[in-house]
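See structure below.
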Amino acid sequence: MAEHDSDREDREPDEKGVPFDEEAAWAAIVAGYGAEPPDPPGTRPYRPIEDLALPETGPDEDDSTEEQPPAKPLGSSVSFAPSVGPRDYTAPEPSEDDFDEDDEGHFVPPEPPPLPTADTTAKFAWLGVVGGPILLLLAVLLGWDMTWWLTTLGIGGFLGGFVTLVTRMKTDDDEGDDPGRGAVV
């Protein structure tokens, strides 16, 4: 490490005999804080945002001595028309002329089958699962005394209905298949 540092000292550009004045460097930084640096030569300065909509002036027009009234802005670069947009598009209604002889017409899905009816045990199980917490919530909101029978009915109804629903779930296990046996050829 010492050898590396000694090699580096020979190549340092600061060894010109002029000491570096850190205080002067900081004073220059603080003095220039917030000041805009000058534009490089040959560049045009940015136009203020109020003049962006005005037509651009060439270099010949800037040097003219005649006073011309300022041009009116051409308008905003962003304009919004009321109630016009991609979500306002509606597809035209189909007519009978839109179909060829190969088309079969509009698809009308068949009526779905009726839902299966629940048995009485499942209805009471759902009543316990939903009704138990609702009963306890009502007791808290209405300020009822939490008696032993109210607590037993709410918690017991929930737990009894939950256990009933879980035990009555149908499983799709085939008794002949044992998934632990591996591949069967």
For this session: Apply the test side-chain contact (heavy atoms from CB on, under 4.5 Å) to residues R168 and V163: give CA-CA distance (whole Å), side-chain angles for both, the deciding distance (0.1 Å), then the verdict.
Result: CA-CA 9 Å; R168 292 176 49 97; V163 168; over 6 Å; no
For this session: Following the transitive rule for hydrophobic clusters with a side-chain heavy-atom cut-off under 4.5 Å over Ile, Leu, Val, Met, Phe, Trp and Tyr, establish whether V130 and V166 coincide in one cluster.
Result: yes
For this session: Examine L136 and L141 and state if one hydrophobic cluster contains both, with Ile, Leu, Val, Met, Phe, Trp and Tyr joined whenever side-chain heavy atoms are less than 4.5 Å apart.
Result: no
Exercise. Are I134 and L138 close enough, and set up right, to give a side-chain contact (heavy atoms from CB on, under 4.5 Å), and what steps lead you there?
Worked result: CA-CA 6 Å; I134 289 177; L138 280 174; 4.3 Å; yes
For this session: Evaluate the side-chain contact (heavy atoms from CB on, under 4.5 Å) criterion for residues V30 and Y33: first the C-alpha distance (whole Å), next the side-chain angles of each, then the deciding distance (0.1 Å), finally the verdict.
Result: CA-CA 5 Å; V30 170; Y33 181 74; 5.6 Å; no
If you compare all heavy atoms of [X] against all heavy atoms of [Y], which two are closest, and at what distance to 0.1 Å?
{"X": "V129", "Y": "G161", "result": "CG2-C, 3.3 Å"}
{"X": "V140", "Y": "M146", "result": "CG2-CE, 3.7 Å"}
{"X": "D21", "Y": "A24", "result": "OD2-CB, 3.1 Å"}
{"X": "P133", "Y": "G128", "result": "CD-O, 4.1 Å"}
{"X": "L165", "Y": "A122", "result": "CD2-O, 4.4 Å"}

Separation between [atom1] of [X] and [atom2] of [Y], rounded to the nearest 0.5 Å:
{"X": "L127", "Y": "T120", "atom1": "CG", "atom2": "OG1", "result": "12.0 Å"}
{"X": "W126", "Y": "T164", "atom1": "CH2", "atom2": "OG1", "result": "11.5 Å"}
{"X": "D145", "Y": "L150", "atom1": "CG", "atom2": "CG", "result": "9.5 Å"}
{"X": "L135", "Y": "W144", "atom1": "CG", "atom2": "CH2", "result": "6.5 Å"}
{"X": "L153", "Y": "W148", "atom1": "CG", "atom2": "CH2", "result": "10.0 Å"}

